Q: 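One structure is given below, represented as structure tokens, and several questions about it will come after.
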Number of protein chains: 2
Amino acid sequence: MRTTIGMLDEQGLARFSMRRLAAELGVTPMSVYWYVDNKDDLLEIALDEIGGEVPVPSDSPDADWRQQVRQVAAGYRAMLVAHPWASRLIGEYMNVGPKATAFSTVMRSIMRRTGLPDEMIPGALSTVYQFTYGFGTVEGRWQERCRAAGVREDDLFEEMSETARDHPGFHGLADLVERRGRASSLAEVRERDFAFSLDCLIAGIEAMRDRAHPGV
Amino acid sequence: MRTTIGMLDEQGLARFSMRRLAAELGVTPMSVYWYVDNKDDLLEIALDEIGGEVPVPSDSPDADWRQQVRQVAAGYRAMLVAHPWASRLIGEYMNVGPKATAFSTVMRSIMRRTGLPDEMIPGALSTVYQFTYGFGTVEGRWQERCRAAGVREDDLFEEMSETARDHPGFHGLADLVERRGRASSLAEVRERDFAFSLDCLIAGIEAMRDRAHPGV
DNA sequence: ACCTGAACACCGTTCAAGT
DNA sequence: ACCTGAACACCGTTCAAGT
């Protein structure tokens with residue numbers, strides 16, 4: 001599993017194969033099948049494995065759920081950025097391994113402390129989760145592309161800005177460029193956007209809770 | 001392109017190959033390469049093509065942004081559910097084709113009508129987008145699995161409920177089961193969750209706007 | 001302009017066999 | 001218990017050649 005995760009991190013999911021894993025382990029392709037049923041099985045295990053990298057806050061009943069949501073979201077995002085192949089697999093498998101299960105249990109108990117009525121908890125949870133997943137995914141893929149092209153991300157961005165200036169019809173690029181605004185680096189913009197989005201989600205949850213309990 | 005999209009819809013991305021496409025078209029594998037550079041190129045075009053299926057509201061300056069956000073989100077979700085392979089590709093490519101570009105332009109002009117300060121627009125946009133993408137993705141994948149297994153989704157759900165009852169340690173499933181609550185069908189719960197999440201996002205955006213303009 | 005055939009360097013996986 | 005070899009049915013893609 002260690003070599004598998006290492007290879008996935010370094011070369012990406014597309015370049016990973018059973019035969020290459022076997023070669024890396026100095027062994028014949030078929031010997032891998034003694035430890036694992038098939039490729040899907042192997043990847044599913046690798047996926048659950050890195051789920052354990054996301055730090056989950058201790059479940060004290062008097063902790064601030066807002067801060068804990070921010071904490072877990074940051075951890076999950078970091079995990080996705082460290083292992084961009086994970087976001088590709090998360091949708092494919094059921095994700096009911098031990099790490100994934102533990103994670104979702106903690107998330108639910110945090111969400112219960114928002115004061116939302118029970119039937120809204122799943123909706124709120126998925127709002128936060130889907131956002132974090134999406135954000136971490138595009139961030140990871142972008143960095144992956146930069147690494148594959150062998151350039152620093154701000155250089156690549158600079159290059160794209162020029163292309164956008166030279167081809168004014170190309171709005172897709174213009175969006176990207178505009179997004180940076182006057183900030184000094186892409187990383188800075190990303191932090192700002194991420195923080196804003198979480199604030200926005202938290203404010204939304206608070207508003208929905210207040211709407212559900214008009215008397216409080 | 002029509003046959004490509006048809007094959008992807010029916011058999012999924014995993015079963016799609018250049019050779020099968022050629023066979024379906026009654027032609028030799030290599031003739032496909034006369035129209036398209038390579039497989040990535042083909043998929044990228046297919047992806048932008050179905051982007052045109054998402055209805056975009058007319059950009060009238062006095063329209064209610066809340067309703068328009070809900071409208072576009074519903075359309076985007078429907079597109080992802082109709083073409084589950086799309087969510088797998090959206091992260092892979094740059095998505096700067098004509099349809100994708102038009103879409104993001106409209107989204108930005110809707111978001112500008114929220115009254116949010118300019119530097120918050122990208123963050124708000126990505127919050128809504130990432131949620132919708134994630135929601136549509138898991139919904140599409142779930143239905144894909146049901147179809148592959150040849151069962152109706154509520155039957156499959158019933159089966160999982162039993163497994164969850166028989167194996168109490170399996171919390172991943174318990175989550176799923178609990179989520180349905182007392183509703184009559186999974187589809188109903190999904191609609192409720194989706195509506196809640198959008199309300200939550202919209203409430204969050206309003207709260208952030210009010211926080212940024214304390215005087216209004 | 002449009003299509004073919006043969007070939008290359010890959011895949012995941014089965015199955016019978018070795019130690 | 002752990003690994004191998006040969007084989008099967010696939011891939012995407014190049015390149016030279018046909019009409």
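Chain letters run A, B, ... following the sequence lines, proteins first, then strands; residues in each count from 1. Computed from a predicted model, the values in this text were never measured in an experiment.
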Q: I'd like the P distance from C:dC2 over to D:dA17, given in whole Å.
A: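 That atom pair is separated by 22 Å.
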
Q: Please determine if B:E92 and A:R141 form a salt bridge, counting it only when a charged side-chain N lies under 4.0 Å from a carboxylate O.
A: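 A salt bridge links B:E92 with A:R141.
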
Q: Please confirm whether the backbone N or O of B:R88 pairs with a side-chain atom of A:R88, one donor and one acceptor, at under 3.5 Å?
A: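 No, because the side chain of A:R88 does not come within donor-acceptor range (under 3.5 Å) of the backbone of B:R88.
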
Q: Would you mind listing every ring pair (Phe, Tyr, Trp, His ring centres under 6.0 Å) that reaches into residues 72-111 of chain A, with sequence neighbours excluded?
A: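 For residues 72-111 of chain A: A:Y76-A:F103, A:Y76-A:Y129, A:H83-A:W85.
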
Q: Apply salt bridge (Lys or Arg N to Asp or Glu O under 4.0 Å) to residues A:R70 and A:D199 and explain how you reach the verdict.
A: CA-CA 9 Å; A:R70 273 187 266 258; A:D199 287 348; 2.6 Å; yes

Q: Hey, could you give me the OG1/CD distance between B:T127 and A:Q130, rounded to the nearest 0.5 Å?
A: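 Between B:T127 OG1 and A:Q130 CD, I get 13.5 Å after rounding to 0.5 Å.
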
Q: Which residues in residues 1-28 of chain B have at least one heavy atom lying under 4.0 Å from any atom of DNA chain C?
A: B:R19, B:V27, B:T28

Q: Tell me, which of residues 34-50 of chain B have any heavy atom that sits under 4.0 Å from an atom in DNA chain D?
A: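 DNA chain D contact set from residues 34-50 of chain B: B:N38, B:K39.
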
Q: Does A:V189 reach the side chain of A:R192, with side-chain heavy atoms less than 4.5 Å apart?
A: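 Sidechains of A:R192 and A:V189: in contact.
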
Q: What interatomic distance, in whole Å, is found between C1' of C:dC3 and the corresponding atom of D:dA16?
A: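 That atom pair is separated by 13 Å.
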
Q: Does A:R190 come within less than 4.0 Å of A:E153, counting only side-chain N to carboxylate O?
A: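 Salt bridge between A:R190 and A:E153, a charged N being under 4.0 Å from a carboxylate O: yes.
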
Q: May I have the step-by-step check of side-chain contact (heavy atoms from CB on, under 4.5 Å) for B:N95 and B:D48, ending in yes or no?
A: CA-CA 7 Å; B:N95 306 126; B:D48 195 58; over 6 Å; no

Q: Side chains of B:D155 and B:R152: does their closest heavy-atom pair fall under 4.5 Å?
A: yes

Q: 5' to 3' on DNA chain D, which nucleotides open and close the contacts with chain B (atom under 4.0 Å from a heavy atom)?
A: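 Contact boundaries, 5' end first: D:dC11 to D:dT14.
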
Q: Show the numbers, then the answer: is there a side-chain contact (heavy atoms from CB on, under 4.5 Å) between A:M18 and A:L42?
A: CA-CA 9 Å; A:M18 297 301 263; A:L42 176 73; 3.9 Å; yes

Q: Using the ring pair (Phe, Tyr, Trp, His ring centres under 6.0 Å) rule, collect all pairs that involve residues 30-49 of chain A, keeping only residues at least two apart or in two chains.
A: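 Found none.
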
Q: For DNA chain D, please output the secondary structure as dot-bracket, reading 5' to 3'. Pairs are Watson-Crick or G-U wobble, both atom distances under 3.5 Å; mark crossing pairs with [ ], other-strand partners with |, unpaired with a dot.
A: ||.|||||...|||||.||

Q: Within 45° of the axis and under 6.0 Å from the centre of the six-membered ring of A:F194, does NZ or CZ of A:R77 qualify?
A: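 Judged by the rule, A:R77 and A:F194 form a cation-pi pair.
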
Q: So, are A:D59 and A:R113 salt-bridged, with charged N and O less than 4.0 Å apart?
A: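 Yes.
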
